[in-house]
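The block underneath contains the structure these notes are about, expressed in structure tokens.
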Amino acid sequence: MKYVIEHMEEGFSEWVRLEYAQIIKDIGAGNLYLTSLPSQTTQADIPQELLDLGLQWTTKPVNELIDPATNEPIQSERTCILYPRADTDLVPEDAQTYEWLVFGGILGAHPPRDLTLELIKKYGYTGKRLGDKQMSTDTAVRTTNIILERQTKFEDIKFIDYPEFRFNKSEAVEMPFRYVLDSEGQPILPKGMLALIKKDSEQSLDDLLA
């Protein structure tokens, strides 16, 4: 399976950098493609950590991505966009149909536009759903990988919705996402993400007190 993230935003926030690094570690650099970066993007604009991990990236949109197996653009009938308002959920049997899985990162417009739906209509991709709760990008990739490559039904995956991370008696943050649970019943986060959440919460408190 090949996983594609339509990036479509300027630069790389620390949050995004941590998510992308974790995705590469989870599925391998050869299976991840970052597409639709701004046209002026150069190698110098990519975080060095991601380059060191072997990130593959392009300013071209997903429909112009070249399948290394055929040296032709990826086939629309073999491409699925994970889309929260799709009519049907992703199932293990979909591994026989789809090879390319596309995720947001589909950001970039203010006010927001439904860029995912535009891709579906324009290029004939299929939209599938990963349940009814919003996920971080790394969680969406992880969930898709579990369903298709580990052949696990969505309803058999253990999740936690909107977990609260407590840093001390008076400081806690509730995250507005669904996460996969690890074998110890803890939400799986990218390495370094918990420290970033704490840092961001402290910054927000400082702003309120300023």
**Item:** Side chain D200, main chain I197, donor-acceptor under 3.5 Å
**Value:** no

**Asked** How close do L189 and M193 get, heavy atom to heavy atom, and via which atoms?
**Response** CB-CB, 4.2 Å

**Request:** Treat each ILVMFWY residue as a node, draw an edge where side-chain heavy atoms are under 4.5 Å apart, and state whether Y162 and L130 are in one component.
**Result:** no

**Shortest non-hydrogen separation from L181 to G185 and the atoms involved** = CD2-O, 3.5 Å

**Prompt:** Does one side chain, of T97 or D94, offer a donor that lies under 3.5 Å from an acceptor on the other?
**Reply:** no

**Asked** Can you check whether N145 reaches D26 side chain to side chain, under 4.5 Å on heavy atoms?
**Response** no

**Message:** Nearest 0.5 angstrom please: L55 CG to R17 CZ, how far?
**Reply:** 12.5 Å

**Complete:** Taken to the nearest 0.5 Å, the spacing of E99 CD from D67 CG works out to 5.5 Å

**Prompt:** Under a 4.5 Å side-chain heavy-atom rule over Ile, Leu, Val, Met, Phe, Trp and Tyr, are L18 and L50 clustered together?
**Reply:** no

**Request:** Provide the closest heavy-atom pair for C80 versus L90 in the form atom of the first, atom of the second, distance.
**Result:** SG-CD1, 4.4 Å

**T139 side chain reached by I188 side chain, heavy atoms, under 4.5 Å** = no

**Prompt:** When rounded to the nearest 0.5 angstrom, what is the spacing between CG in D87 and NZ in K128?
**Reply:** 10.0 Å

**Complete:** Heavy atoms of A21 and E49 approach each other most closely as CB-OE2, 3.6 Å

**Message:** To the closest 0.5 Å, what do you measure between CE (M135) and OH (Y179)?
**Reply:** 11.0 Å

**Item:** Where P163 and P187 come nearest, the two heavy atoms and their spacing
**Value:** CB-CG, 4.4 Å

**Heavy-atom pair with the smallest gap, counting every atom of K2 and G30** = NZ-O, 3.4 Å

**Message:** Side chains of K153 and P92, heavy atoms from C-beta outward: is any pair under 4.5 Å?
**Reply:** yes

**Item:** Single-linkage hydrophobic cluster, 4.5 Å side-chain cutoff, F154 and I160 together
**Value:** no

**Message:** Enumerate the salt bridge (charged side-chain N to carboxylate O under 4.0 Å, His left out) contacts for residues 176-195, please, sequence neighbours excluded, ordered by first and then second residue.
**Reply:** D132-R178, D161-R178

**Complete:** In this structure, OG1 of T126 is separated from CD1 of I81 (nearest 0.5 Å) by 9.0 Å

**Asked** Does the side-chain contact (heavy atoms from CB on, under 4.5 Å) test come out yes or no for L194 and F167, once each step is laid out?
**Response** CA-CA 10 Å; L194 197 58; F167 303 111; 4.1 Å; yes

**Prompt:** Are the side chain of D89 and the backbone of G131 linked by a donor-acceptor contact shorter than 3.5 Å?
**Reply:** yes

**Prompt:** How about F177 and F159: are their ring centres within less than 6.0 Å of each other?
**Reply:** no

**Request:** Determine whether L101 and I24 fall in the same hydrophobic cluster, where Ile, Leu, Val, Met, Phe, Trp and Tyr are linked whenever their side-chain heavy atoms lie under 4.5 Å apart.
**Result:** yes

**Asked** E19 versus V141: any side-chain heavy-atom pair under 4.5 Å?
**Response** no

**Asked** Is any side-chain heavy atom of K25 closer than 4.5 Å to a side-chain heavy atom of L53?
**Response** yes

**Asked** Between E6 and V62, is there a donor-acceptor pair closer than 3.5 Å when you use the side chain of the first and the backbone of the second?
**Response** yes

**Side-chain (T41) to main-chain (P38) donor-acceptor, under 3.5 angstrom** = yes

**Asked** How many angstroms lie between atom CG of D45 and atom CZ of F12, to the nearest 0.5 angstrom?
**Response** 8.0 Å

**Prompt:** Should I157 and V91 be regarded as members of a common hydrophobic cluster, given that ILVMFWY residues are connected when their side-chain heavy atoms come within less than 4.5 Å of each other, either directly or indirectly?
**Reply:** no

**Message:** Just so I know, are the side chains of Q43 and W57 near enough to count as touching, which here means a heavy-atom distance under 4.5 Å?
**Reply:** yes

**Asked** Would a 4.5 Å heavy-atom cut-off, applied to side chains only, mark I23 and Y3 as touching?
**Response** no

**Item:** E174 CD: over 12 foreign heavy atoms closer than 6.0 Å
**Value:** yes

**Prompt:** Would a distance-only check, ignoring hydrogens and angles, find a side-chain to backbone donor-acceptor pair under 3.5 Å from D156 to T152?
**Reply:** no

**Message:** For N63 and Y125, which I'm curious about, is there any donor-acceptor pair between the side chains at under 3.5 Å?
**Reply:** no

**Item:** Check: Q56 side chain, Y33 main-chain N or O, donor-acceptor pair, under 3.5 Å
**Value:** no

